[in-house]
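As structure tokens, the structure follows; a few thoughts come after it.
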Amino acid sequence: NEALRLQLEVTRYGQDEALVIVRDITRLHNLEQMRRDFVANVSHELRTPLTVIAGYLETLQGSDMAPPAWQRPLAQMEEQAVRMTTLVNDLLLLARLETSERSGGDIPVDVNELMERVAREARSFSGGRHQIEVQCEGHSSIRGDASELHSAFANLVLNAVKYSPADGEIRLRWWQDSRGGHFSVEDQGIGIDPIHIPRLTERFYRVDPGRSRDSGGTGLGLAIVKHVLLRHSGEMSVKSIPAQGSTFILHFPASKVDTKIENNYGEVA
Ligand code: ADP
């Protein structure tokens, strides 16, 4: 009784002839669905035990119950429990994003507010070691899901912090033109060799796994960005020069972007 999934491939030969190949991909589709459900279920089941472990480790630290010699291992255990929680949350978010190509919400999300929020979060993550600047043109909003868009913007900005030396400058920009709205994050960090760029949005693909882990990366950030964009009809482009820096740009089509024009008095029309 289940729906049949067919894939059609049409090749035209001149005016009157065409070769049509019909593939039954129902089994493949179902297997993919099972994989996604499995990942989502495992991640969900891991959340509660992890919260309990991290909670007790935090309580034990600095308390009289644990001798001084235990403090360092306890701190390391808590750090790892927090890392695992981040990984599980990212896996869960990705599984949810993969289930459909339609965004979870459909409201106007204020770009200015979103950029200020991710800049604030990035400054706190960087501990004031990076200079983070925001340049937002006009008053725009993107139609979609606020929390998904926040994940996409935040992942790019946190990556800029993770892969840049201290006191590096990070610039967040938003502008719009006839094609739509564009959000870019430019850093003066380690850059990326062009051979890696096509694979960056694959799950767990990292240019330097050691560096990614040390900076708290899960290897899922750009996969999350890709799926959020798919659900908002957006696209991503990357420009990067090794040892000089990278620019990640998110492009949103005009149909998803609403821009209010400011009059001469700075009021929004
Ligand atoms: P991670 O959690 O490892 O940062 P991502 O999916 O966010 O995972 O990114 C994938 C890989 O792309 C990273 O491991 C890193 O090698 C590379 N990368 C992402 N953003 C940048 C950046 N701004 N500068 C240099 N490398 C980057």
Side-chain angles (χ1 to χ4, degrees), residues 36 39 43 46 50 79-98 114-115 118-119 121-127 129-135 147-174 182-232 234-251:
R36 278 202 291 263
V39 173
S43 312
L46 283 173
L50 271 174
E79 199 181 296
Q80 295 304 320
V82 169
R83 255 190 69 179
M84 217 158 137
T85 309
T86 314
L87 178 60
V88 161
N89 285 338
D90 275 2
L91 275 171
L92 208 54
L93 173 61
L94 195 55
R96 197 166 55 74
L97 293 174
E98 279 177 333
L114 186 56
M115 286 172 74
V118 293
E121 289 163 353
R123 282 184 197 113
S124 143
F125 179 71
S126 133
R129 283 174 295 123
H130 297 80
Q131 213 182 307
I132 301 170
E133 243 185 72
V134 176
Q135 290 173 6
S147 133
E148 290 179 19
L149 289 168
H150 170 260
S151 291
F153 278 42
N155 266 307
L156 293 190
V157 184
L158 295 183
N159 276 351
V161 174
K162 287 191 306 200
Y163 302 108
S164 294
D167 72 68
E169 200 181 292
I170 295 168
R171 195 171 303 141
L172 278 57
R173 277 189 61 212
W174 169 268
H182 316 272
F183 169 69
S184 74
V185 181
E186 188 184 340
D187 66 50
Q188 300 169 333
I190 59 172
I192 305 162
D193 196 295
I195 57 160
H196 297 288
I197 290 182
R199 300 195 58 191
L200 291 181
T201 58
E202 285 174 24
R203 270 169 269 162
F204 297 114
Y205 188 85
R206 291 138 152 159
V207 175
D208 178 349
R211 187 171 189 137
S212 158
R213 279 194 202 100
D214 289 349
S215 57
T218 61
L220 296 172
L222 292 179
I224 290 173
V225 175
K226 173 182 142 182
H227 283 280
V228 171
L229 287 175
L230 261 174
R231 286 155 70 95
H232 291 81
E235 277 173 19
M236 180 170 83
S237 56
V238 184
K239 288 186 252 171
S240 188
I241 304 175
Q244 283 194 26
S246 313
T247 306
F248 283 75
I249 313 177
L250 306 186
H251 307 274

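In listed order, ligands and their atoms are each counted from 1. From a predicted model like this one, the values you see are computed outputs, not experimental measurements.
Contacts between Lys162 and ligand 1 below 4.0 angstrom, taking non-hydrogen atoms only, involve the side chain exclusively. Contact annotation: for Phe248 versus ligand 1, heavy atoms closer than 4.0 Å belong to the side chain alone. Here Asp187 has side-chain heavy atoms under 4.0 Å from ligand 1, and that is the only part of it that gets that close. Residue Ile192 touches ligand 1 through its side chain alone, judged by heavy-atom distances below 4.0 Å.
Protein heavy atom in closest approach to atom 7 (O) of ligand 1: Asn159 ND2, 2.9 Å. Among all non-hydrogen protein atoms, the one lying nearest atom 12 (O) of ligand 1 is Leu200 CD2, 3.4 Å. Here the protein heavy atom with the shortest distance to atom 11 (C) of ligand 1 is Tyr205 O, 3.7 Å. The nearest heavy-atom contact from the protein to atom 16 (O) of ligand 1 is Val207 N, 3.1 Å. Shortest contact from atom 5 (P) of ligand 1 to any protein heavy atom: Leu222 N, 3.6 Å. Of the protein's heavy atoms, Ser212 OG, 2.5 Å lies nearest to atom 3 (O) of ligand 1. Protein heavy atom at the shortest distance from atom 4 (O) of ligand 1 is Tyr163 OH, 2.7 Å.
Distance check: Ile241 CD1 to Ser246 OG gives 9.0 Å after rounding to the nearest 0.5 Å.
Residue Gly221 has at least one nitrogen or oxygen atom sitting less than 3.5 Å from a nitrogen or oxygen atom of ligand 1, judged on distance alone.
The 12-atom threshold is exceeded at CE of Met236, counting heavy atoms of other residues, nucleotides or ligands nearer than 6.0 Å. Residue Gln80 qualifies as enclosed at atom CD: its count of foreign heavy atoms under 6.0 Å is above 12.
A salt bridge is defined here as a Lys NZ or Arg NE, NH1 or NH2 lying under 4.0 Å from an Asp or Glu carboxylate O, and Arg203 with Glu98 meets this definition. Of the charged side-chain nitrogens involved, at least one lies within less than 4.0 Å of a carboxylate oxygen, so that Arg171 and Glu169 count as a salt-bridged pair. Taking a cutoff of 4.0 Å between a charged side-chain nitrogen and a carboxylate oxygen, Glu148 and Arg231 qualify as a salt bridge.
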Verify side-chain contact (heavy atoms from CB on, under 4.5 Å) between Leu93 and Asn89, making sure each step is shown before the conclusion.
-> CA-CA 6 Å; Leu93 173 61; Asn89 285 338; over 6 Å; no
Check against side-chain contact (heavy atoms from CB on, under 4.5 Å), Met115 and Trp174 = CA-CA 9 Å; Met115 286 172 74; Trp174 169 268; 3.5 Å; yes
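No side-chain donor-acceptor contact under 3.5 Å links His130 and Gln188.
Applying the 4.0 Å criterion to heavy atoms of Arg206 picks out, from ligand 1, the atoms 3 (O), 14 (O). Close contacts between ligand 1 and Thr218 involve ligand atoms 2 (O) [criterion: under 4.0 Å to a heavy atom].
Here atom 8 (O) of ligand 1 lies nearest to Gly219 when heavy atoms of Gly217, Gly189, Gly219 are compared.
Scanning both residues, Thr201 and Leu222, for their nearest heavy atoms gives CG2-O, 3.7 Å.
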